[in-house]
Amino acid sequence: LALPQNRVFLFFAVSKAYYDVVLARQLVTVSEEAAASAAGHLADVQRKKQQGMASEFDLLRAEVELANAGAELVRQKNALNLARTTLFNLLGVSQESNVTLTDEPVYEETTSGVAEAAKVAFTNRPDLVQAELVVRLQCEALRSARSSGWPQADAFFSFNQSRPDSLTIGSNDWGDSWAAGVKVSFSLFDGFIRHGKVKEATAGLKQAEIQLAAAEDQALLEVKQALLNLQDAEEMVKSHKATLQQAREGLRMAESGYNAGMLTALQVTDARTALTRVRAFHYQAVYALALSRLNLRLATGSIDSTVTGIPKEEAK
């Protein structure tokens with residue numbers, strides 16, 4: 001049974017707000033770890049500076065990196081607070097509520113095709129259900145207009161009993177009477193009223209059928225677009241997942257090279273910055289994937305009150 005249109009968009013808005021909170025929380029985690037890593041690197045540079053193994057520029061660079069990481073952490077925390085505020089407003093709960101995000105589904109590739117998704121859309125979408133109902137109502141209106149000129153037959157029957165008998169003068173006995181018959185009537189000429197009603201109902205049916213066809217075409221277009229966007233988002237997640245592993249390995253090699261005196265602190269900073277950026281891109285790609293799935297559910301009319309989170313695919 002299709003949900004009312006306003007409830008569909010309410011579920012969509014709440015689900016998207018939930019995804020926004022999950023993404024913001026994950027980006028806060030990335031920023032916290034980046035800040036902690038920058039602080040550790042600064043301490044290491046300070047130690048090496050005291051031993052004469054690092055330059056003043058290395059120390060300044062490490063301090064700037066820590067300051068930038070701290071500023072980014074503040075920005076991401078503000079974004080998380082704003083996302084929580086939006087979600088709580090949609091839910092109608094207090095801003096002081098303590099909410100734990102628990103739903104984090106496992107990543108799965110899309111297996112449904114356009115034909116299957118379109119079948120679901122034609123069954124569940126509220127706008128298509130409404131358009132089909134209008135067509136059915138117009139069919140009934142046309143049937144009623146056509147039948148208005150048909151002959152009408154009415155049957156009647158009556159039975160009366162009285163004392164004294166009303167049909168026999170002077171009798172004091174019980175008497176009864178009955179009557180039955182059939183009346184047939186039809187219109188010889190109605191001034192073309194019936195003809196006008198039939199034409200009006202026919203035009204209304206044709207218009208309803210055109211609107212239904214247009215709604216079905218729009219639904220099919222939205223389903224195709226949602227599937228294409230979902231496939232693109234899946235490819236982005238796969239790409240960033242591979243890049244994430246490479247960035248981790250790059251930072252590990254940079255830190256090892258720095259400790260061995262083969263690489264500079266600047267190279268370690270660049271590797272750490274690259275990892276932070278890739279982690280953020282990874283979470284944003286998974287967020288885009290979650291929104292693509294949500295848009296597909298909206299396009300097929302299968303969205304409901306179940307709010308799911310974003311899969312956490314990154315191992316710390």
Side-chain angles (χ1 to χ4, degrees), residues 19-86 95-96 98-102 104 107 236-290 309-316:
Y19 294 145
D20 291 341
V21 174
V22 174
L23 175 62
R25 183 190 61 179
Q26 291 172 333
L27 293 180
V28 166
T29 301
V30 171
S31 297
E32 288 175 343
E33 294 179 1
S37 179
H41 179 62
L42 175 59
D44 190 38
V45 172
Q46 289 172 339
R47 179 178 57 81
K48 288 182 177 294
K49 176 70 167 52
Q50 293 174 354
Q51 298 173 354
M53 300 172 59
S55 65
E56 189 68 30
F57 175 77
D58 292 335
L59 180 60
L60 179 61
R61 178 71 179 182
E63 291 174 346
V64 171
E65 181 188 7
L66 179 59
N68 290 339
E72 179 64 17
L73 177 58
V74 171
R75 189 179 73 85
Q76 294 298 342
K77 285 184 176 180
N78 290 337
L80 175 59
N81 290 332
L82 179 60
R84 286 182 180 273
T85 299
T86 302
Q95 293 294 330
E96 303 300 325
N98 185 14
V99 175
T100 302
L101 308 182
T102 58
E104 294 187 356
Y107 165 73
M236 290 296 295
V237 170
K238 293 178 183 178
S239 174
H240 284 299
K241 190 174 182 180
T243 306
L244 184 60
Q245 298 299 327
Q246 297 172 353
R248 283 202 185 97
E249 181 62 17
L251 178 59
R252 186 193 67 79
M253 295 175 62
E255 290 175 340
S256 298
Y258 176 72
N259 292 331
M262 299 174 59
L263 297 178
T264 64
L266 178 60
Q267 291 172 307
V268 176
T269 298
D270 291 341
R272 183 178 293 105
T273 302
L275 176 59
T276 301
R277 185 182 300 110
V278 170
R279 291 183 66 193
F281 286 162
H282 170 74
Y283 280 130
Q284 289 167 353
V286 179
Y287 168 81
L289 176 61
I310 301 176
K312 183 181 292 183
E313 300 182 13
E314 178 185 9
K316 297 182 181 179

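Nothing fancy with the numbering, it's 1 onward along the sequence.
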May I have the list of side-chain donor-acceptor pairs in residues 51-71 shorter than 3.5 Å, sequence neighbours left out?
residue : atom : partner : partner atom : Å
Ser55   : OG   : Phe57   : N            : 3.4
Ser55   : OG   : Asp58   : N            : 3.2
Ser55   : OG   : Asp58   : OD2          : 3.2
Glu56   : OE1  : Lys49   : NZ           : 3.4
Asp58   : OD2  : Ser55   : N            : 3.3
Glu65   : OE1  : Thr269  : OG1          : 3.2
Glu65   : OE2  : Arg272  : NH1          : 3.3
Asn68   : ND2  : Val64   : O            : 3.4

Intermediate values then yes/no, side-chain contact (heavy atoms from CB on, under 4.5 Å), Met253 and Met262: CA-CA 11 Å; Met253 295 175 62; Met262 299 174 59; over 6 Å; no

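- Atom NZ of Lys241 sits about 8.0 Å away from atom CD of Gln245, to the nearest 0.5 Å.
- Rounded to the nearest 0.5 angstrom, Ser37 OG and Leu275 CG are separated by 8.0 Å.
- Across all their heavy atoms, Ala254 and Val268 have their closest contact at O-CG2, 3.5 Å.
- Under the 30°/60° scheme for interplanar angles, the aromatic rings of His240 and Phe281 are found to be tilted.
- Side chains of Gln76 and Glu72: a donor-acceptor N/O pair is present below 3.5 angstrom, by distance only.
- Going from atom CD of Gln284 over to atom CG of Leu27 covers 6.0 Å, rounded to the nearest 0.5 Å.
- Rounded to the nearest 0.5 Å, atoms OG (Ser31) and NZ (Lys77) are 9.5 Å apart.
- Taking each heavy atom of Arg25 and Leu80 in turn, the nearest pair found is N-CD1, 3.7 Å.
- Taking each heavy atom of Leu23 and Tyr283 in turn, the nearest pair found is CD1-O, 3.6 Å.
- Annotation: salt bridge (Lys or Arg N to Asp or Glu O under 4.0 Å) contacts of Arg277 (sequence neighbours excluded): none.
- A pairwise comparison of heavy atoms in Leu73 and Val28 identifies CD1-O, 3.8 Å as the closest pair.
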